[in-house]
Novice: 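Sharing a structure with you now.
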2 protein chains.
Amino acid sequence: MTELGTPSRRERLVQAALRVMERDGLAATSTRAIAREAGVSSAAVQREFGGFGPLASDVVEHLVAAEGDAALWALITTENDVVAIVREALRSYLHLVQQRPGAEQTLLEVTLLGLRRADLDGLPERQYERYLEVMRELLAIVARRADIRWDVEADQLARFALALTDGVTLAWLVDRDDAAAERTLELAAETIAAHARSRQTV
Amino acid sequence: MTELGTPSRRERLVQAALRVMERDGLAATSTRAIAREAGVSSAAVQREFGGFGPLASDVVEHLVAAEGDAALWALITTENDVVAIVREALRSYLHLVQQRPGAEQTLLEVTLLGLRRADLDGLPERQYERYLEVMRELLAIVARRADIRWDVEADQLARFALALTDGVTLAWLVDRDDAAAERTLELAAETIAAHARSRQTV
DNA sequence: GTCTATAGACGGATAGAC
DNA sequence: GTCTATCCGTCTATAGAC
């Protein structure tokens, strides 16, 4: 989680970078723009991070961690029915996207850019592995709370759920159709919940 | 479909742009790079398209049309079982991604950039509407061939399928895990097929 | 350590010769 | 119409003053 107290200079630069990326997009985010946003010289950014790649890495780690936290917090619900829990988790993820569309779009932009640029190598892979980790954890929590087990491998269901959330995110970023996104996630929740089996049976 | 015969100068520039985007990514695709690839001066590109935006639009229209064609062709199968038809369609889409990863990544890059840049305004929306159109058409063809109807609205199922293919594409571009992508699409096929109902019953 | 200044490369776009 | 040459902006990165 984010520490309180006076943020370090490095943290302030990461926050500034994040604001620029959310607002203007990754393509328009230069070390100069970040320096302007943070109110320091571009040389200071160079000195602190040594290049754009390491800075972007830090921003992504920050965003992915925040997203994972948000997803886990979303599971604090009073529901006990499998489909209700999953539905609520997916809806609260959509809520996050709707509240910070720029952040979600930035994560997608970084993924795609990281696949092209050698100096961001490994970043998309780490990002994606972390997403899957969070998904597997979420599914495990749901299973525990609803006292069920999943009838497919956890990793497979996690990948399925991740593909759906990524796809819905992309669609919503394009058309901003709240109702359509909710309907898709409702279908997703029903599908995932259909793979729940009572824990006692075999 | 692509016309045969000597391609026009405009078509040759679009093809050159496509090659650069696939190979180097959208972020590294400049009008100068396209001009180099096509063997003309950068002024010629300016004259032909009047800027980067219109050129990118043409490239996307071309790619999306090709993708729609490929998806529809994929439905020429001997299968009659719903889940088998859907599985085969999804697999042949994955095959397309695997054969031309740069092209699929370019489409995603254009979508995200189009959401940020005013001179590409409307491009992601048109792109996405076309995807949905193709998906609805595919679902209708499956329903006709297997002699079934869908128990949810066609648009909703199309959005669900599109979210899944987008999500799987993104995942595969990152981890290149063929087996995992196939397993996810198998789950997707089963889910979609589960919404088939016999045409006679109500 | 922090700044200003600048090097060096690349980008979009245009002017003007042919 | 097509080219070369060029304007002017932006970028990353660094040199050197303080």
Side-chain angles (χ1 to χ4, degrees), chain A residues 6-60 106 109-110 112-123, chain B residues 6-60 106 109-110 112-123:
Chain A
T6 308
S8 73
R9 171 191 174 66
R10 197 179 176 89
E11 280 161 359
R12 273 185 288 122
L13 284 175
V14 168
Q15 290 295 334
L18 190 48
R19 283 196 300 277
V20 177
M21 290 179 188
E22 283 194 48
R23 190 207 314 132
D24 304 327
L26 182 64
T29 302
S30 59
T31 54
R32 284 170 116 101
I34 295 165
R36 263 196 305 275
E37 177 80 20
V40 299
S41 73
S42 62
V45 177
Q46 285 296 329
R47 174 155 194 89
E48 185 68 42
F49 291 94
F52 182 75
L55 206 174
S57 293
D58 271 28
V59 172
V60 170
T106 295
E109 288 166 346
V110 171
L112 292 179
L113 193 66
L115 292 173
R116 301 280 195 186
R117 281 178 51 158
D119 65 335
L120 294 178
D121 202 38
L123 192 51
Chain B
T6 308
S8 73
R9 171 191 174 64
R10 197 179 177 89
E11 280 161 359
R12 273 184 287 121
L13 285 175
V14 168
Q15 290 296 334
L18 190 48
R19 283 196 300 276
V20 177
M21 290 180 188
E22 283 194 48
R23 189 206 316 131
D24 304 327
L26 183 64
T29 303
S30 60
T31 53
R32 286 173 118 103
I34 295 166
R36 261 194 307 274
E37 178 79 21
V40 299
S41 73
S42 63
V45 177
Q46 286 295 330
R47 172 152 196 93
E48 185 69 41
F49 291 94
F52 182 76
L55 206 174
S57 293
D58 271 29
V59 172
V60 170
T106 294
E109 288 167 346
V110 171
L112 293 178
L113 193 66
L115 292 173
R116 301 280 194 186
R117 280 178 53 159
D119 64 337
L120 295 177
D121 202 37
L123 191 52

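Because the structure is predicted, anything quoted here is derived from the model rather than measured. Order of the sequence lines sets the chain letters (A, B, ...), proteins ahead of strands, with each chain counted from 1.
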Novice: If the condition is salt bridge (Lys or Arg N to Asp or Glu O under 4.0 Å), which residues does Arg36(B) pass it with, not counting sequence neighbours?
Specialist: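 None.
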Novice: Taking only residues two or more places apart in sequence or in another chain, which ones pass salt bridge (Lys or Arg N to Asp or Glu O under 4.0 Å) with Arg47(A)?
Specialist: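 Residues passing salt bridge (Lys or Arg N to Asp or Glu O under 4.0 Å) with Arg47(A): none at all.
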Novice: How long is the span from the CG atom in Leu123(B) to the CG atom in Leu113(B), to the nearest 0.5 Å?
Specialist: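 CG of Leu113(B) is found 9.5 Å from CG of Leu123(B).
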Novice: If I take atom CD in residue Glu48(B) and atom P in nucleotide dA13(C), what distance separates them, rounded to the nearest angstrom?
Specialist: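 From Glu48(B) CD to dA13(C) P: 15 Å.
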Novice: Among residues 53-60 of chain A, which contact DNA chain D at a heavy-atom distance under 4.0 Å?
Specialist: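 Within this stretch, nothing sits under 4.0 Å of the strand.
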Novice: Five pairs at each end of the helix from dG1(C)-dC18(D) to dC18(C)-dG1(D): take the axis at both ends and give me the angle between them to 10°.
Specialist: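 End-to-end axis angle for the helix from dG1(C)-dC18(D) to dC18(C)-dG1(D): 20°, rounded to 10°.
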Novice: Quick one: list whatever passes side chain to side chain contact (heavy atoms under 4.5 Å, CB included) with Asp121(A), sequence neighbours left out.
Specialist: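 None.
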Novice: Could you tell me which residues satisfy side chain to side chain donor-acceptor pair (under 3.5 Å) with Arg19(B), sequence neighbours excluded, listed by chain and number?
Specialist: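 In terms of side chain to side chain donor-acceptor pair (under 3.5 Å), with neighbours along the sequence ignored, Arg19(B) is linked to Glu37(B).
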Novice: Send over the distance from Ile34(A) CD1 to dT10(D) C1', rounded to a whole Å.
Specialist: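 My rounded result for the distance is 15 Å.
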Novice: Return the CG to CD distance between Asp58(A) and Glu11(A), rounded to the nearest 0.5 Å.
Specialist: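 The CG atom of Asp58(A) sits 10.0 Å away from the CD atom of Glu11(A).
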Novice: So which protein N/O to nucleotides 11-15 of chain D N/O distances come out below 3.5 Å?
Specialist:
{"unit_1": "dC11(D)", "atom_1": "OP1", "unit_2": "Ser30(A)", "atom_2": "OG", "d": "3.0"}
{"unit_1": "dT12(D)", "atom_1": "OP1", "unit_2": "Thr31(A)", "atom_2": "N", "d": "3.2"}
{"unit_1": "dT12(D)", "atom_1": "OP2", "unit_2": "Thr31(A)", "atom_2": "N", "d": "3.1"}
{"unit_1": "dT12(D)", "atom_1": "OP2", "unit_2": "Thr31(A)", "atom_2": "OG1", "d": "2.7"}
{"unit_1": "dT12(D)", "atom_1": "O4", "unit_2": "Arg32(A)", "atom_2": "NH1", "d": "2.6"}
{"unit_1": "dA13(D)", "atom_1": "OP2", "unit_2": "Gln46(A)", "atom_2": "OE1", "d": "3.4"}
{"unit_1": "dA13(D)", "atom_1": "OP2", "unit_2": "Gln46(A)", "atom_2": "NE2", "d": "3.1"}

Novice: Apply salt bridge (Lys or Arg N to Asp or Glu O under 4.0 Å) to Asp119(A) and list each qualifying residue two or more places apart in sequence or on a separate chain.
Specialist: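 Only Arg117(A) meet the salt bridge (Lys or Arg N to Asp or Glu O under 4.0 Å) criterion with Asp119(A).
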Novice: What side-chain donor-acceptor pairs closer than 3.5 Å can you find for residues 24-35 of chain A, not counting sequence neighbours?
Specialist:
{"unit_1": "Thr29(A)", "atom_1": "OG1", "unit_2": "Gly25(A)", "atom_2": "O", "d": "2.8"}
{"unit_1": "Ser30(A)", "atom_1": "OG", "unit_2": "Ala33(A)", "atom_2": "N", "d": "3.1"}

Novice: Calculate the interatomic distance between Phe49(A) atom CZ and dG1(C) atom P; express it in whole Å.
Specialist: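 Computing the Phe49(A):CZ to dG1(C):P distance gives 16 Å.
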Novice: Under the side chain to side chain donor-acceptor pair (under 3.5 Å) test, which residues partner Arg9(A), sequence neighbours left out?
Specialist: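 With neighbours one apart ignored, the set is Glu48(A).
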Novice: Arg12(B): what forms a salt bridge (Lys or Arg N to Asp or Glu O under 4.0 Å) with it, not counting sequence neighbours?
Specialist: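 Here no residue qualifies.
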